[in-house]
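Scope of the values below: all heavy atoms of this structure, side chains included, with no hydrogens, waters or symmetry mates. Throughout, protein chains are lettered first and strands after them, A, B, ... in sequence-line order, and every chain is numbered starting at 1.
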Amino acid sequence: MRLQPRCLQLDSVLQTVSVLEAVIRRSFGPDGGQVLFTRDTGQTLLTRHGTRILTALRVEHPLARMVVECVRRHSSVTGDGSKTFVLLLASLLREIQKHTRKARQEGAGAKRLAEALLAFGLDELSDVITVAVAPHGSSLSDPHTPGQTDTHTLCRLLSAFLHTRISPTHAEIISQLTCELLSHWSCHGDFINEHFPALHTAVSGFPIGCSRLLEGQVIHADFSTPLPLRDHGPIRALAVTEPLEPSLLIGGTVLELGGANREIESVCVRLGRRLDSVCVILQHLGVSLLLSSVRQSEAFLAAVGRYGVCVLECVCEDDLTLFSVLKDRGRPHSLVVCGLTEGQTEQSVCAVRDALHMLHTTWGPKHRTRATERTARTDVMEPCCVISVGGTFEFLLHHTLLQRKHRHTHSECGCVTLLQRQDRSFPSSPLLRSIVEKTLCPTQTCYYSFTSKEVSCCVYVSIANGISL
Amino acid sequence: MSRVTKKASSVCTDSPLSISEVCRKMTLMRQILTSCFGPNGRLKQVHNNVGGHVLTTSTSTSLLQAVSSSEPLLKLITASILNHLSRFSDCGLYTGILCFSLIDHVQKSGLRPSVAIKINKQLLEVCTSFLNQEDCGCKVNVDFNSCQSLVTLARSVISSKPACVLTEGEQQHISTLAVHAFLLTVPCGDTPGSPDRVRLGRTVTVSIEGQFVLDSAVFPGLLVNVPDMQLQPTDSERTRRGPGPFRLALFTVSLSGDLSEFGEGSLEVHSGAPDPEDLILDELLKLGEQAVTDQVEVFMCQRVIHPVLQHYLRRHGVLVVERLGIALIQPIVQMTGAQAVALYQTPIPPEAYGQVKGCCVRTVGSREMLHLLPPREPAPAVCTMVLCHRNDTMLNELKAACQRAEHVLRLTLRDPVALLGGGCTETHMAAYISNKGTTEATEAALSLGVSQSQYLLGLNGFCSSLEAVALALVHDGETGLVDLSYAHHWSVPQGEAIHSGTVLQGEAIHSGTVPQGEALQRGDGDEVPATCGCGLVERSARPGLEWTPLNTRYPSRPAPLVVGKATPPQLRVLDSFTAKLNALQVAVEMANLVLDIRYVIQDVN
């Protein structure tokens with residue numbers, strides 16, 4: 001194979017990123033549409049998740065693959081902001097190109113600009129955000145009782161997030177259910193985040209309006225021996241992880257027959273006796289429900305069935321883990337997500353999972369940039385800061401940078417001027433103009449996670465830098 | 001070693017609905033579904049181009065499973081219809097037709113998808129709340145005191161499957177059987193132990209090819225297929241012997257006496273030691289002895305029974321049945337109260353025995369079958385439905401139709417209401433929504449954030465889609481009409497060409513209050529049939545009715561009147577309420593989803 005070095009021009013970089021941007025833009029924001037994705041297995045999936053759309057494209061262009069990988073990393077850290085990432089990146093590259101077009105040595109100019117931008121992003125952007133944008137946000141923590149979550153803000157945050165992931169009509173239902181789920185568990189979402197696979201059940205064939213919260217835990221397995229009809233009352237359950245009647249001969253072993261007490265009949269009798277003793281133990285423990293993660297033998301099922309014990313086989317590991325940690329928690333609730341097809345239920349489930357992940361990062365320790373470490377500011381942002389959705393973040397940042405420009409009119413610092421220029425032209429791009437328009441719309445009161453926005457701002461600069469090199 | 005192959009880039013299609021090829025495929029699918037709809041629907045033959053099985057059907061389940069499309073949008077719609085069918089068994093074609101029709105109307109109207117989605121969703125809410133109203137004009141209560149409405153419900157399901165090829169009398173016979181079987185599986189009185197829970201019995205279907213449909217029958221209890229050689233003379237003597245109850249033992253473990261169930265290891269037999277197979281046979285015979293001393297009279301096994309054991313049991317007058325198959329085990333357990341025994345090394349526990357009231361040999365078609373009678377009358381009822389038909393294809397269709405009917409009947413237990421069939425629910429609902437939407441257009445448009453003209457456009461499309469479903473019932477050049485008072489659906493046989501915009505008048509004097517556009521022509525109403533599609537509105541009883549062809553737009557329509565149900569006439573067609581409500585929701589949600597799709601990304605690896 002021959003290697004062909006190819007010179008990467010900024011134009012072609014921008015072109016590649018613009019293609020990704022064009023795909024992303026159609027499903028961006030609350031009015032964005034769905035993307036139908038058919039897998040090579042023939043399955044159909046629906047999604048509006050930026051990372052999923054981009055990975056599904058299986059792009060070949062090495063640069064595009066690098067961008068997709070960066071988006072994926074970014075999204076896995078923050079749980080959100082993948083579409084914003086691509087849009088900002090494209091917009092930024094476009095600006096860099098515009099400003100370096102006149103220069104003769106295009107590459108060098110672009111590189112210089114990108115480095116300056118990176119330096120700005122690392123050193124000052126965080127401070128700018130802390131000073132100018134953060135005061136306009138509000139906190140997820142309840143102002144009256146610190147440490148507790150403000151349910152109202154939480155609901156709006158979730159609703160705003162889900163509106164960008166599933167269709168608007170479904171987002172209302174799902175976000176309400178997720179809020180209820182969180183409030184029922186009365187704890188930070190970490191527990192739910194951790195056990196989410198066991199806490200939800202996807203049911204296809206019903207309209208999404210049939211989704212609901214169920215009290216209790218749903219075990220995702222069918223009865224092997226059915227539960228006998230009897231009066232309600234506490235049921236004692238036992239979780240087992242191995243067959244209770246071991247096979248007589250495991251592969252490779254040899255059973256020698258002959259001699260006293262070693263005839264086949266005595267072996268069989270021993271076998272039966274062993275089963276009986278297991279049943280007696282179960283009865284002694286008062287167990288009437290057996291959750292088994294493995295398949296049990298037929299003889300065993302029949303034997304315990306006689307003792308009125310019902311068995312669920314092949315219970316998945318997640319369910320058993322949750323079941324075992326539940327015993328010292330209150331009353332559990334689990335989420336039943338309905339949808340028309342599996343693709344739709346999967347979309348909703350993924351959206352809720354990502355929302356929980358997003359909450360986790362919002363609640364979690366704040367992302368520390370180099371700037372905050374160096375300048376030990378007193379007014380460092382609270383960890384649970386959220387800000388109105390609909391371009392508020394972009395608008396405030398833009399406004400602040402414009403103000404700074406007036407202050408530093410004669411500044412020698414190239415990077416600031418650069419960013420001013422770059423930023424001033426933000427509203428001229430159609431996307432951000434629409435964002436600003438939306439900001440002015442008084443009905444937009446939803447909230448948006450703050451942390452992920454900030455991180456995406458920091459990351460895109462470094463990407464831009466990497467590409468122009 | 002696993003090979004790493006390079007993945008090809010995916011194919012990305014922008015705005016799939018704007019591509020003519022996609023639209024053509026969707027139109028084709030819509031035409032296929034529409035032509036299958038209703039009792040006069042056209043059959044479809046599905047076969048692939050290399051030969052093989054030819055499927056003749058008109059039911060949505062078989063058709064959609066057989067016809068696969070490479071078009072992702074169609075795949076999505078098909079999957080959602082099949083998912084709906086797996087839950088409700090009915091209204092699959094209805095879902096498909098309504099969904100395609102809604103998409104089509106939105107595309108034609110030129111509304112933006114996001115606007116159309118909002119309007120459709122709001123109208124769906126109006127529809128569901130209308131259908132859930134107590135005094136909804138297209139709902140009737142299912143009366144469990146008489147079988148009439150149940151039979152009508154079952155007949156509507158069965159008659160809408162023309163591939164069953166049944167005459168009117170045969171339809172009636174099969175519907176009656178379906179209701180009979182359903183009633184047999186509903187336990188009477190409380191279930192012992194828990195009064196708030198009911199466990200329904202089950203119907204086992206036996207299909208016989210080559211017999212007349214009218215030979216089909218329902219038997220309480222179970223019919224077990226027994227090969228001729230198993231019915232020994234002693235057995236027929238046993239079956240004749242006086243009334244039971246007889247004791248029954250049921251085994252799921254193989255009683256063949258081989259050593260296969262000992263796992264994967266190997267056995268080593270020392271010289272001089274007795275043969276393990278002999279020892280196992282001894283065990284089996286011990287079991288047989290116990291069965292005989294315990295006075296077991298019916299001895300059944302899911303798998304094979306050793307011939308020596310069989311012989312031993314028969315000699316002692318026990319009826320032996322082997323190779324039952326797994327499908328029959330649960331019904332037998334449920335009917336007889338026996339516990340399936342899975343171990344022969346230990347004695348049979350006394351509580352594992354079940355009971356049957358009696359057994360006899362029945363000749364069903366060409367087969368001789370053993371009939372096990374249920375031990376006590378009211379209890380957990382298991383019944384067998386024997387379905388006969390002339391050939392295999394029709395028989396399969398009939399079997400599916402009966403299973404569907406059973407499911408639909410079971411749905412009435414939870415929601416004892418039914419909807420008017422024959423397209424009347426759709427036309428009535430369309431008229432109601434059209435009226436309500438038009439009068440409340442300003443507020444509705446304001447709350448949705450759309451303009452009033454957009455709302456009216458969306459409303460029009462929604463109503464037309466509902467009427468399109470009613471219109472799909474009409475084939476062979478018939479004309480679909482709707483009356484202007486009750487908004488029920490009437491179909492006029494072939495012949496009379498009725499132009500759009502014509503108002504047909506009944507015999508009585510025209511009062512002059514009906515909206516009367518200038519473009520409307522007046523025609524004679526003689527060709528209109530005696531009753532509407534569902535049979536609720538009779539022409540003779542309601543003088544002064546006026547009709548217009550379906551999908552004619554009026555500037556404003558009055559709210560449809562509700563037919564007084566003081567003396568309800570014989571309803572001809574009823575549809576399942578639960579299934580149709582879900583179908584309506586699925587169709588609108590699906591249409592909204594498809595409209596919302598901006599990109600299709602196809603993985604081509």
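- In this structure, the portions of A:F206 lying under 4.5 Å from any heavy atom of chain B include both its backbone and its side chain.
- Distance CG/B:D603 to OG1/A:T38: 7.0 Å, rounded to 0.5 Å.
- With hydrogens and angles disregarded, no donor-acceptor distance shorter than 3.5 Å links the side chain of A:T341 to the backbone of B:L76.
- Atom NZ in B:K75 sits 10.0 Å away from atom CD in A:Q43 (nearest 0.5 Å).
- Neither the backbone nor the side chain of A:L45 comes within contact range of chain B; no heavy atoms are under 4.5 Å apart.
- The candidate from A:A22, A:A299, A:S204, A:P168 with the greatest count of non-hydrogen atom pairs under 4.5 Å with chain B is A:S204.
- If you measure heavy-atom distances from A:I53 to chain B, the contacts under 4.5 Å come from both the backbone and the side chain.
- Heavy atoms closer than 4.5 Å to chain B are found nowhere in A:S27, neither backbone nor side chain.
- The contact between A:E342 and chain B is made entirely by backbone atoms, counting heavy-atom distances below 4.5 Å.
- In this structure, A:T169 OG1 and B:Q122 CD are separated by 13.5 Å, a value rounded to the nearest 0.5 Å.
- Most heavy-atom pairs under 4.5 Å with chain A: of the set B:P113, B:S68, B:S15, B:P349, this distinction falls to B:P349.
- Between the CG atom in A:L340 and the CG atom in B:N582 there is a gap of 8.5 Å [rounded to 0.5 Å].
- In terms of heavy-atom pairs under 4.5 Å with chain B, the best-connected choice from A:V59, A:T44, A:T47, A:V23 is A:V23.
- No other option in A:R26, A:R58, A:H170 has as many heavy-atom pairs under 4.5 Å with chain B as A:R58.
- In this structure, the portion of A:R39 lying under 4.5 Å from any heavy atom of chain B is its backbone and not its side chain.
- With a 4.5 Å cut-off on non-hydrogen atoms, B:P72 touches chain A through its backbone and its side chain both.
- Interatomic distance, A:I24 CD1 to B:Y599 OH, rounded to the nearest 0.5 Å: 9.5 Å.
- In this structure the side chain of B:V253 never reaches within 4.5 angstrom of the side chain of A:E298, judged on heavy atoms.
- Considering only heavy-atom pairs separated by less than 4.5 Å from chain A, the leading option among B:L593, B:V604, B:T252 is B:L593.
- To the nearest 0.5 angstrom, A:Q344 atom CD is 10.0 Å from B:N83 atom CG.
- Proximity to chain A involves both the backbone and the side chain of B:E589, based on heavy atoms less than 4.5 angstrom apart.
- Residue with the most contacts toward chain B among A:G32, A:G339, A:S297, A:C210: A:G32 (heavy-atom pairs, distance under 4.5 Å).
- When heavy atoms are compared at a cutoff of 4.5 Å, B:A340 approaches chain A solely by way of its backbone atoms N, CA, C and O.
- Taking 4.5 Å as the limit, some side-chain heavy atom of B:C12 sits within range of a side-chain heavy atom of A:L57.
- Proximity to chain A (any heavy atom under 4.5 Å) is shown, for B:L82, by neither the backbone nor the side chain.
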